[in-house]
Amino acid sequence: MKGALTALAGLLIAACQGLPAQAAARLEPLWTLDGLEAPESVALSADGSFFYVANVVGEGDAKDGRGFISRVSRDGKLLQKEWATGLNAPKGAVLAHGRLYVTDINRLVGFDLTTGKAVETHEVAGAGFLNDTAVAPDGTLLFSDSGNARIYAKQGKGDVTVWVQAPELRAVNGLLPEKDRLVVTTMAGKLLAVDYRTKAITVLAEGIGDGDGAARLDDGRYLVSEWPGRMFEVAPGGALAVTLDTKAAGRFMNDFIRVGDQLIVPNWMPGSLTAYRIIP
């Protein structure tokens, strides 16, 4: 009983001091692939056998034509470093409607999954800094604009439109689609939820820093990356715990995905892709 009371007291003190509590899950490294060039996001292939990785190559806002998409096996082997080329600074990547879509500063580009050739390019007028991508349950393609506090939408062959814009979306970044809502991270430190129907915005947590990727765990908790190198676990109610910290090692944690019991995490710095097993 004494030990339990001591642990409870520690948690209460941490909460009062604004310190993170102990995480319920831990992340066990499985493999790391080096030799990529500022990878920012990752998407699973249609058959589940490999990953697409978006490589920025340089600065995130440079229109230099150096960006490319790599293909990486499920066990961390490089299959093709430059599967698709001719991009500037590709970030969010997602499969939708039989194509791979990536954001590229101020445009959305769609690639043929067989050839790796760009078959769609949508210039987004007024876009500031396009970032993550996601597919809503109804098939709508959504992508964030970190520079303008907005999220865009594209339905089928239709035009790109502003889906929602609000002050709460300042520095919006990662997008995680759920059944009735879109979970959103911001580089202003917030984890938000946007109702698909009403566009009402709810704050789920604060204090995350430069939020990037997000994934939901089976028990309803979320894992959220802060790109300079921390992984937070967010409990219902918004309590935060740091489950992994790689800042001192210079290993960024960008827009990751969850595949079963694994997290696949791009590391802009030092230019790698890391797989972790989620240990409950």
Exceeds 12 heavy-atom contacts within 6.0 angstrom, atom CZ of Arg170
no
Grab the two heavy atoms, one from Asp195 and one from Arg197, that are nearest each other, plus how far apart they are.
OD1-N, 2.8 Å
Would you check if Lys154 and His122 make a side-chain contact, meaning some heavy-atom pair closer than 4.5 Å?
yes
The residue among Leu100, Val53, Val109 that forms side-chain contact (heavy atoms from CB on, under 4.5 Å) with Ile69 is Leu100
Tyr101, Leu95: one ILVMFWY side-chain cluster at the under-4.5 Å cut-off?
no
Check: Tyr222 and Leu176 side chains under 4.5 Å, non-hydrogen atoms
yes
Distance from Leu175 atom CG to Thr185 atom OG1, nearest 0.5 Å?
7.5 Å
Nearest-0.5 Å distance that lies between atom CE in Met253 and atom CZ in Arg230
10.0 Å
Answer with yes or no whether the hydrophobic clustering places Val172 together with Leu182; edges join I, L, V, M, F, W, Y residues whose side-chain heavy atoms lie under 4.5 Å apart.
yes
For the atom pair CZ (Arg99) and CG (Leu141), what is the distance rounded to the nearest 0.5 Å?
12.0 Å
Ignoring hydrogens, what is the shortest heavy-atom contact between Asn88 and Ala62? Give both atom names and the distance.
CB-O, 3.6 Å
Find out whether Met231 and Phe256 are in side-chain contact, i.e. whether some heavy atom of one side chain is under 4.5 Å from a heavy atom of the other.
yes
Flag if over 12 foreign heavy atoms under 6.0 Å of CG, Asp219
yes
By the definition side-chain contact (heavy atoms from CB on, under 4.5 Å), identify the one residue from Ile257, Leu33, Leu79 that meets it with Phe51.
Ile257
For the hydrophobic clusters of this structure (ILVMFWY residues joined by side-chain heavy atoms under 4.5 Å, transitively), does one cluster hold both Val124 and Val135?
yes
Ser272 side chain to Asn267 side chain, donor-acceptor N/O pair below 3.5 angstrom
yes
Asp212 and Ser225: side-chain donor and acceptor closer than 3.5 Å?
no
For Ala93 and Ser41, the nearest pair of non-hydrogen atoms, with its separation, is N-OG, 3.2 Å
How long is the straight-line distance from CG of Leu44 back to CZ of Arg74, given to the nearest 0.5 Å?
5.5 Å
Surrounding CD of Glu59 (heavy atoms of other residues, nucleotides or ligands, distance under 6.0 Å), is the total greater than 12?
no
Do you know which of Leu223, Thr243, Asp245, Leu240 makes side-chain contact (heavy atoms from CB on, under 4.5 Å) with Phe232?
Leu240
Salt-bridge contact Glu233-Arg221 (side-chain N to carboxylate O under 4.0 Å)
yes
Heavy-atom side-chain proximity of Thr85 to Arg66 below 4.5 angstrom:
no
Looking only at the aromatic ring of each residue, does the gap between the centers of Phe68 and Trp83 stay below 6.0 angstrom?
no
Which atom names give the shortest non-hydrogen contact between Trp163 and Ala153, and what distance separates them?
CB-CB, 3.7 Å
So Leu30 and Tyr276, side-chain contact (heavy atoms from CB on, under 4.5 Å) or not? Walk me through it.
CA-CA 5 Å; Leu30 294 177; Tyr276 298 92; 5.9 Å; no
Would you say Val184 and Leu169 make side-chain contact, with heavy atoms under 4.5 Å?
yes
Tell me whether the count of non-hydrogen atoms from other residues, nucleotides or ligands lying under 6.0 Å of NZ in Lys63 goes above 12.
no
Nearest 0.5 Å, please: how far is NZ in Lys81 from CG in Leu36?
7.0 Å
Minimum heavy-atom separation for Ile264 and Ala275, please, with both atom names.
CD1-CB, 3.8 Å
Between Leu130, Thr161, Val164, Thr133, which is the residue that forms a side-chain contact (heavy atoms from CB on, under 4.5 Å) with Tyr152?
Leu130
Can you tell if the side chain of Tyr196 reaches within under 4.5 Å of the side chain of Pro177, non-hydrogen atoms only?
yes
Considering only NZ, NE, NH1 and NH2 on the basic side and carboxylate oxygens on the acidic side, decide whether Asp261 and Arg277 come within less than 4.0 Å.
yes
Any salt bridge linking Lys190 with Glu168? Criterion: basic side-chain nitrogen under 4.0 Å from a carboxylate oxygen.
no
Are Val183 and Val203 connected, step by step, through hydrophobic side chains (Ile, Leu, Val, Met, Phe, Trp, Tyr) whose heavy atoms are closer than 4.5 Å?
no
Roughly how far apart are Leu191 CG and Glu206 CD, rounded to 0.5 Å?
10.0 Å
Got more than 12 heavy atoms from elsewhere within 6.0 Å of CD, Gln262?
yes
Looking only at non-hydrogen atoms, find the nearest pair between Val242 and Ala23 and report the distance.
O-CB, 4.1 Å
Minimum side-chain heavy-atom gap Val102-Phe111 below 4.5 Å:
yes
Determine whether the side chains of Asn55 and Ser70 contain a donor N or O and an acceptor N or O closer than 3.5 Å.
yes
Pick from Thr32, Leu244, Val265: which one makes a side-chain contact (heavy atoms from CB on, under 4.5 Å) with Arg251?
Thr32
Would a hydrophobic clustering, with Ile, Leu, Val, Met, Phe, Trp and Tyr connected at side-chain separations under 4.5 Å, put Val94 with Leu108?
yes
Please determine whether side-chain contact (heavy atoms from CB on, under 4.5 Å) holds for the pair Leu263 and Ile278, giving the CA-CA distance in whole Å, both sets of side-chain angles, and the decisive distance to 0.1 Å.
CA-CA 7 Å; Leu263 296 185; Ile278 304 168; 3.9 Å; yes
A side-chain contact here means heavy atoms from C-beta on lying under 4.5 Å apart; do Pro90 and Thr103 qualify?
no
For Phe129, does the six-membered ring have the charged nitrogen or CZ of Lys91 within the cation-pi criterion, i.e. under 6.0 angstrom from the centroid and within 45° of the normal?
yes
Ignoring hydrogens and geometry beyond distance, is a side-chain donor-acceptor pair present between Asn173 and Asn131 at under 3.5 Å?
yes
